S.K.: 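My questions will all concern the structure given below.
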Amino acid sequence: MGEQLKDMYNEGFLREFGNKVCSVYGDFNVEKFISKTINDDWEELSLKTRMRRITEGLRQCLPASYEEGLKVLFLIDESCIGFPYLFFPDFVEVYGQEEEHLELSMKAIERFTQRSSSEFAIRPFILKAPERVMEQMLLWSKHPSEHVRRLASEGCRPRLPWGRALQIFKKDPSKVINILEQLKSDSSLYVRKSVANNLNDISKDNPQVVIDLVKKWSNKNPYTDWILRKGCRSLIKSANPEVMELFGYTNFAEKELEITEASVSVNPSIIKIGESCEIKYELDIPKGEAVHIRIEYGIDFVKARGNTSRKLFLLSDKTVPGGTHISGTKIHSFADLTTRRHYSGKHKINLLVNGEKQADAIVEII
């Protein structure tokens with residue numbers, strides 16, 4: 001989770017929230033809650049760790065029993081809406097996993113996800129009791145609230161970012177597919193985005209499962225077609241031959257469609273870390289029928305140990321008439337990011353059309 005968000009959890013927020021709790025539960029000690037939550041290491045804590053600290057501080061100041069604590073939260077949750085209140089479902093995750101609490105915890109998660117989001121909180125429950133919880137998720141996939149339907153998909157994503165991986169569904173996603181079957185033509189874009197992201201997760205471990213779904217679900221509903229296209233983005237990016245054919249991308253490896261004129265150049269060709277270069281590309285599409293093309297440039301980034309790792313960047317994805325001349329430029333920055341550091345060395349720039357390399361150039365970082 002983004003570190004820049006963590007400052008939303010501060011003393012002012014905690015005091016305002018504590019006063020809200022105190023208005024329905026008079027024994028709530030606001031000062032104790034703040035002191036238990038914020039201490040000497042607060043500034044060093046990440047967003048998620050701060051959220052967990054709030055959960056733990058809340059537990060110490062609410063009634064002793066889990067059930068009674070939830071009753072207090074139920075009295076104020078309708079006024080606690082949005083991302084900052086993820087500690088409501090976190091409270092359920094941390095203190096509600098006992099067998100005797102399972103039914104109540106499912107009700108709480110269903111309720112709280114409609115105010116913020118519970119996809120992180122549900123995952124430990126799935127791992128602990130997969131059969132029972134996935135049955136509940138299947139019921140949620142038919143819920144009138146789009147927030148609950150989204151939880152049915154988002155909560156069981158095998159590779160949810162910032163969430164615990166669900167290895168059981170990496171190995172066998174069939175129970176996830178049962179839920180996505182219910183949501184594949186959902187009227188809510190919020191839900192459809194989650195279904196697409198779930199399919200994309202599945203494609204990384206079980207590509208054939210997703211390919212088979214494309215064959216089964218395609219051309220029956222425009223919402224479903226949108227989900228499938230977005231859900232196959234990683235397979236398209238890796239130029240999976242079967243997926244490329246299913247989505248109508250032209251196979252330029254065929255002799256009569258071979259691209260013979262293509263070039264890519266870099267200016268300047270020698271730069272320092274933090275500087276940018278201009279990438280210029282040109283190519284001629286063979287004469288004939290219209291073609292569906294995906295143009296990308298891939299950079300073979302030099303790593304700390306001298307090896308390279310390729311990262312792809314999309315330039316264009318469209319259908320063009322046969323015989324079209326295509327050209328363009330792109331400014332690429334080699335400034336360090338939180339997700340990528342740059343190192344000195346020769347970086348190869350590859351021009352790719354439908355996954356096939358057509359030309360390359362070198363930019364040297366000094």
Side-chain angles (χ1 to χ4, degrees), residues 184-185 189 192-204 207 210-211 213-267 276-301 310-333 347-361 363:
K184 68 180 185 294
S185 56
L189 178 61
R192 295 198 301 273
K193 285 181 178 179
S194 176
V195 175
N197 288 336
N198 202 325
L199 284 177
N200 190 53
D201 280 4
I202 294 170
S203 74
K204 295 174 182 178
V210 175
I211 292 170
L213 288 178
V214 173
K215 296 175 182 177
K216 179 182 177 183
W217 290 354
S218 287
N219 302 317
K220 296 178 181 177
N221 184 290
Y223 288 160
T224 309
D225 290 342
W226 183 91
I227 286 171
L228 292 172
R229 179 66 174 77
K230 190 172 180 64
C232 285
R233 61 187 182 273
S234 290
L235 293 175
I236 292 172
K237 201 169 187 178
S238 64
N240 178 283
E242 193 169 2
V243 168
M244 297 296 278
E245 181 179 354
L246 286 170
F247 284 98
Y249 288 96
T250 301
N251 183 5
F252 289 107
E254 296 179 6
K255 186 67 177 177
E256 63 273 17
L257 293 173
E258 185 177 353
I259 296 175
T260 57
E261 297 295 330
S263 66
V264 61
S265 60
V266 183
N267 184 40
S276 299
C277 66
E278 180 185 74
I279 299 172
K280 183 177 180 180
Y281 63 95
E282 295 188 57
L283 63 122
D284 290 321
I285 299 299
K287 294 180 179 180
E289 296 182 358
V291 294
H292 189 180
I293 58 170
R294 179 182 176 89
I295 305 174
E296 300 164 292
Y297 67 96
I299 301 181
D300 294 338
F301 287 102
R310 179 172 294 183
K311 170 74 174 175
L312 298 179
F313 301 89
L314 181 64
L315 291 166
S316 180
D317 191 324
K318 59 185 178 182
T319 298
V320 298
T324 300
H325 175 77
I326 298 173
S327 64
T329 59
K330 178 73 174 181
I331 302 298
H332 187 95
S333 171
H347 294 59
K348 182 180 287 188
I349 311 291
N350 305 276
L351 179 67
L352 305 166
V353 180
N354 293 359
E356 295 288 332
K357 187 176 85 167
Q358 301 297 335
D360 61 58
V363 59

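Heavy atoms only: backbone and side chains are in, while hydrogens, waters and symmetry mates are out. Not measured: the values here are computed from a predicted model. Numbers here simply count residues along the sequence, with the first being 1.
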S.K.: Considering only NZ, NE, NH1 and NH2 on the basic side and carboxylate oxygens on the acidic side, decide whether Glu296 and Arg310 come within less than 4.0 Å.
M.R.: no

S.K.: Between the side chain of Asn251 and the main-chain N/O of Glu245, is any donor-acceptor distance below 3.5 Å?
M.R.: no

S.K.: Apply side-chain contact (heavy atoms from CB on, under 4.5 Å) to Thr224 and list each qualifying residue two or more places apart in sequence or on a separate chain.
M.R.: Lys184, Ser185, Trp217, Asn221, Leu228

S.K.: Indicate the ring-plane relationship of Phe313 and Tyr297, choosing parallel, tilted or perpendicular according to the 30° and 60° boundaries.
M.R.: parallel

S.K.: Under the side-chain hydrogen bond (donor to acceptor under 3.5 Å, both in side chains) test, which residues partner Thr250, sequence neighbours left out?
M.R.: none

S.K.: Report the residues that fulfil side-chain hydrogen bond (donor to acceptor under 3.5 Å, both in side chains) with Asn267, sequence neighbours left out, ordered by chain and then residue number.
M.R.: none

S.K.: Using side-chain heavy atoms (C-beta onward) and a distance below 4.5 Å, is Val214 in contact with Cys232?
M.R.: yes

S.K.: What is the distance from atom CG of Leu352 to atom CG of Leu314, rounded to the nearest 0.5 Å?
M.R.: 11.0 Å

S.K.: At what distance, to the nearest 0.5 angstrom, does OH of Tyr281 lie from NZ of Lys330?
M.R.: 9.0 Å

S.K.: Please find the pair of heavy atoms, one from Glu282 and one from Ser327, that lie closest to each other, and give the distance.
M.R.: CG-CB, 3.6 Å

S.K.: Examine distances only and state if a side-chain atom of Asn198 and a backbone atom of Ser194 form a donor-acceptor pair shorter than 3.5 Å.
M.R.: no

S.K.: Could you check whether atom NZ of Lys215 has more than 12 heavy atoms from other residues, nucleotides or ligands sitting under 6.0 Å from it?
M.R.: yes

S.K.: Can you measure from CG (Leu235) to CG (Leu246) and round to the nearest 0.5 angstrom?
M.R.: 10.0 Å

S.K.: Ignoring hydrogens, what is the shortest heavy-atom contact between Ser263 and Ala359? Give both atom names and the distance.
M.R.: CA-CB, 3.8 Å

S.K.: Kindly indicate whether the side chain of Asn240, heavy atoms from C-beta on, has any atom under 4.5 Å from the side chain of Ile211.
M.R.: yes

S.K.: Do you know which two heavy atoms are closest between Ala196 and Arg233, and how far apart they sit?
M.R.: O-NH1, 4.1 Å

S.K.: Crowded around Glu261 CD? As in, over 12 foreign heavy atoms under 6.0 Å?
M.R.: no

S.K.: Mind checking whether Ile299 and His332 have side chains closer than 4.5 Å, heavy atoms only?
M.R.: yes

S.K.: Can you list everything that forms a salt bridge (Lys or Arg N to Asp or Glu O under 4.0 Å) with Lys348? Sequence neighbours excluded, please.
M.R.: none

S.K.: Does Asp317 have any salt bridge (Lys or Arg N to Asp or Glu O under 4.0 Å) partners at least two apart in sequence or in another chain, and if so, which?
M.R.: Arg229, Arg294

S.K.: Report the C-alpha distance between Asp284 and Ile259 in whole Å, list the side-chain angles of each, state the deciding distance to 0.1 Å, and finish with yes or no for side-chain contact (heavy atoms from CB on, under 4.5 Å).
M.R.: CA-CA 7 Å; Asp284 290 321; Ile259 296 175; 5.9 Å; no

S.K.: What are the two closest non-hydrogen atoms of Leu312 and Gly298, and how far apart are they?
M.R.: CD2-CA, 3.7 Å

S.K.: Quick check: closest heavy atoms across Phe301 and His347, and the distance to 0.1 Å?
M.R.: CA-CD2, 3.5 Å

S.K.: Quick one, Leu199 with Ile227, criterion side-chain contact (heavy atoms from CB on, under 4.5 Å). Give me CA distance, side-chain angles, the key distance, then yes/no.
M.R.: CA-CA 8 Å; Leu199 284 177; Ile227 286 171; 3.7 Å; yes

S.K.: Are any non-hydrogen side-chain atoms of Ile202 and Leu213 less than 4.5 angstrom apart?
M.R.: no

S.K.: Counting distance only, does the side-chain N/O of Asn350 pair as donor-acceptor with the main-chain N or O of Asp360 below 3.5 Å?
M.R.: no

S.K.: Is the shortest side-chain heavy-atom distance between Lys230 and Ile236 below 4.5 Å?
M.R.: no

S.K.: Using the test salt bridge (Lys or Arg N to Asp or Glu O under 4.0 Å), find all partners of Glu278 that sit at least two apart in sequence or belong to another chain.
M.R.: none

S.K.: What are the two closest heavy atoms between Pro286 and Leu257, and how far apart are they?
M.R.: CG-O, 3.3 Å

S.K.: For the CG atom of Leu315 and the CD1 atom of Ile279, what is their distance to the nearest 0.5 Å?
M.R.: 7.5 Å

S.K.: How about Ile326 and Ile285: do any of their side-chain heavy atoms sit closer than 4.5 Å?
M.R.: yes

S.K.: How are the rings of His292 and Tyr249 set to each other: parallel, tilted or perpendicular (split at 30° and 60°)?
M.R.: parallel

S.K.: Does atom NZ of Lys204 have more than 12 heavy-atom neighbours, drawn from other residues, nucleotides or ligands, at distances under 6.0 Å?
M.R.: yes

